[in-house]
Number of protein chains: 2
Amino acid sequence: MLTQSEENYLKAIYSLSEDQKESISTNLLAEKMSTKPSSVTDMVKKLSDKELISYQKYQGCELTAIGKKTALQIIRKHRLWEVFLVNKLNFGWDEVHEIAEQLEHIQSAKLTDHLEEYLGYPKVDPHGDPIPDKNGIFEKINKSIALSDVNLKGKGSVVGVEDGSSGFFQFLKRYEIGLGTEIQVMEKFDFDLSVLVLINGKEISFSSVVANKIFIQVK
Amino acid sequence: MLTQSEENYLKAIYSLSEDQKESISTNLLAEKMSTKPSSVTDMVKKLSDKELISYQKYQGCELTAIGKKTALQIIRKHRLWEVFLVNKLNFGWDEVHEIAEQLEHIQSAKLTDHLEEYLGYPKVDPHGDPIPDKNGIFEKINKSIALSDVNLKGKGSVVGVEDGSSGFFQFLKRYEIGLGTEIQVMEKFDFDLSVLVLINGKEISFSSVVANKIFIQVK
DNA sequence: GTTAATTTTTAGACAAGTCTAAAAATTAAC
DNA sequence: GTTAATTTTTAGACTTGTCTAAAAATTAAC
Ligand SMILES: [Mn+2]
Ligand SMILES: [Mn+2]
Ligand SMILES: [Mn+2]
Ligand SMILES: [Mn+2]
């Protein structure tokens, strides 16, 4: 049986592995877990002992098959509880994450399966993320996300915008952006949340206002 | 914010206080928590520092007003989750306690209140125990329980039996037991689960078979 | 009212999970 | 290809919750 902390680490490693295929560095994981690299080293050793991740000193870590399966079961619980909170208890989709972060650690496979049945076997959670089944299998869904939420180097094509004003459409026209336009995020600036993107071979800087309104489907 | 362990201790102290009005001894609490007296001493010091219980060395402990209120909120959550599991997820009433033992520690007053509303403001849990409202107020319910489940020194009157055979009725007649008969449990023997009870001033030993069939309402 | 039995507390230890500060390994720069 | 910057690990410490063994206080017995 795993502790809540171990489960949270597994989930974080899984999440980071979705964005990059290389092994996960200690610092990156520390950042994700909002903790210190030294704490990560301790935990990574423990998870490695339990054969949930493979780990070599100074080489970062990676989920093993068992580790990945375990992570997916926690994610399954997290997302099913989110569906419950939104669909049955009338929570908003923006206020369920914290609670699901706790509920995902409840230990009872029977509870998870009954909950899934009760909810009518939902395929996605309130944020559009896919829900793995009891074997960890799920449909890969190409979610559309705002440019501001795209990871560094993330690439995709425009599938929508969230502003119908003529001013905004003029802005899009000026930069030759329309449905299907290929965009890649080259840099993200924390100080003003602006992004530097690559469109048709040209580098353009978008303010956070704009980055929040353009939605792309990541490849 | 309290740890799960602190919450479980508070609940245990509350539960023991229901059976006796004197302060709760270290050994009794250790027994209830399935732990060692020395561990209890450590914990009561901590809870006392937080002013959730009053505690004097060698004198046992007692819940303060705040401690009692806190305990009742945890019990409220425990019982609401039990109702959810039985009424919505089709669990049997005998398989929900363990899971509720985990769910009761989820931190979100909003979740508890939404859950209560969703369940239609139930007054009792699947075991007939009353559910406190958000202010800790609940109706005292005189549950009937089998003689085998009555606490030591527990006293009450017979409200029913769970066997309609003539043999059992003859048995009851022989000992002059009927609806309303006053019974007090004087001793309980673990080795065969028999009980020694006091009826009309006479001590009688009942086998576990009999003790399971006679239901009394505890005063 | 001493002595004995029981209860309760203290002392010291351990595992889990975290931290800071310092050392070691890796990677980047010149 | 050294030197410098960065990343990662180690060493040592702290908190929480638990344990065993021993000491102290309380209660029971004679
Ligand atoms: Mn979590
Ligand atoms: Mn989600
Ligand atoms: Mn509990
Ligand atoms: Mn119950």
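Remember, predicted model here, so these are calculated numbers, not experimental data.
- Between B:Glu7 atom CD and D:dT16 atom C1' there is a gap of 15 Å when expressed in whole angstrom units.
- Residues passing the side-chain contact (heavy atoms from CB on, under 4.5 Å) test with A:Val124 are A:Ile141, sequence neighbours excluded.
- For B:Asp192, the side-chain hydrogen bond (donor to acceptor under 3.5 Å, both in side chains) criterion is met by B:Ser194, not counting sequence neighbours.
- For A:Ser38, the side-chain contact (heavy atoms from CB on, under 4.5 Å) partners are A:Lys36, not counting sequence neighbours.
- Of all the residues in residues 15-37 of chain B, B:Thr35, B:Lys36 reach under 4.0 Å from DNA chain D with at least one non-hydrogen atom.
- Note on A:Ser5: only backbone sugar-phosphate atoms sit closer than 4.0 angstrom, heavy atoms only; bases stay farther off.
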Distances under 3.5 Å between protein N/O atoms and the N/O atoms of nucleotides 24-26 of chain D, please, pair by pair.
from: D:dA25; atom 1: O4'; to: B:Tyr58; atom 2: OH; distance (Å): 3.2

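- Contact annotation: B:Tyr55 side-chain N/O to C:dT9 OP1/OP2 distance is under 4.0 Å.
- Judged as a salt bridge (charged side-chain N to carboxylate O under 4.0 Å, His left out), the pairs with a partner in residues 68-85 of chain B (not counting sequence neighbours) are, in order, B:Arg76-B:Asp113, B:Arg76-B:Glu116, B:Arg79-B:Asp125.
- Every pair passing ring-ring contact (aromatic ring centres under 6.0 Å, His included) that includes a residue from residues 84-111 of chain B is listed here, sequence neighbours excluded: A:Phe84-B:Phe84, A:His114-B:Phe91, B:His78-B:His97, B:Trp81-B:Phe84, B:Trp93-B:His127.
- When the side-chain nitrogen and oxygen atoms of A:Tyr9 are compared with OP1 and OP2 of C:dA16, none of them lie within a distance under 4.0 Å.
- Between B:Lys45 and C:dT9 there is no side-chain polar atom (N or O) within less than 4.0 angstrom of OP1 or OP2.
- For A:Ser38, the side-chain atoms get nearest to C:dC19 when compared with the rest of C:dC19, C:dT10, D:dT8.
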DNA chain C in dot-bracket form (Watson-Crick or G-U pairs under 3.5 Å, [ ] crossing, | inter-strand) is ||||||||||||||||||||||||||||||
Without placing hydrogens or testing angles, list every side-chain donor-acceptor pair under 3.5 Å for residues 13-20 of chain A, not counting sequence neighbours.
from: A:Ser15; atom 1: OG; to: A:Lys32; atom 2: NZ; distance (Å): 2.9
from: A:Ser17; atom 1: OG; to: A:Ile13; atom 2: O; distance (Å): 2.7
from: A:Asp19; atom 1: OD1; to: A:Asn151; atom 2: ND2; distance (Å): 3.2
from: A:Asp19; atom 1: OD2; to: A:Asn151; atom 2: ND2; distance (Å): 3.4
from: A:Gln20; atom 1: NE2; to: A:Glu22; atom 2: O; distance (Å): 3.3
from: A:Gln20; atom 1: NE2; to: A:Ser23; atom 2: O; distance (Å): 3.3

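- Here the side chains of A:Val44 and A:Leu29 are in contact, with some heavy-atom distance below 4.5 Å.
- The side-chain contact (heavy atoms from CB on, under 4.5 Å) test applied to B:Glu203 returns B:Met186, B:Leu196, B:Leu198, not counting sequence neighbours.
- Side-chain contact of B:Gln102 with A:Gln102: a donor-acceptor pair under 3.5 Å is absent, judged by distance alone.
- Sorted by first and then second residue, the ring-ring contact (aromatic ring centres under 6.0 Å, His included) pairs with a member in residues 200-219 of chain B read B:Phe171-B:Phe206; sequence neighbours excluded.
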May I have the list of side-chain donor-acceptor pairs in residues 48-57 of chain A shorter than 3.5 Å, sequence neighbours left out?
from: A:Lys50; atom 1: NZ; to: A:Glu6; atom 2: OE1; distance (Å): 3.3
from: A:Lys50; atom 1: NZ; to: A:Glu6; atom 2: OE2; distance (Å): 2.9

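- What separates CD of B:Gln4 from P of C:dA16 is a distance of 18 Å, to the nearest Å.
- With distances taken from any side-chain atom of B:Thr41 to the nucleotides D:dT8, C:dT8, D:dT18, the minimum falls on C:dT8.
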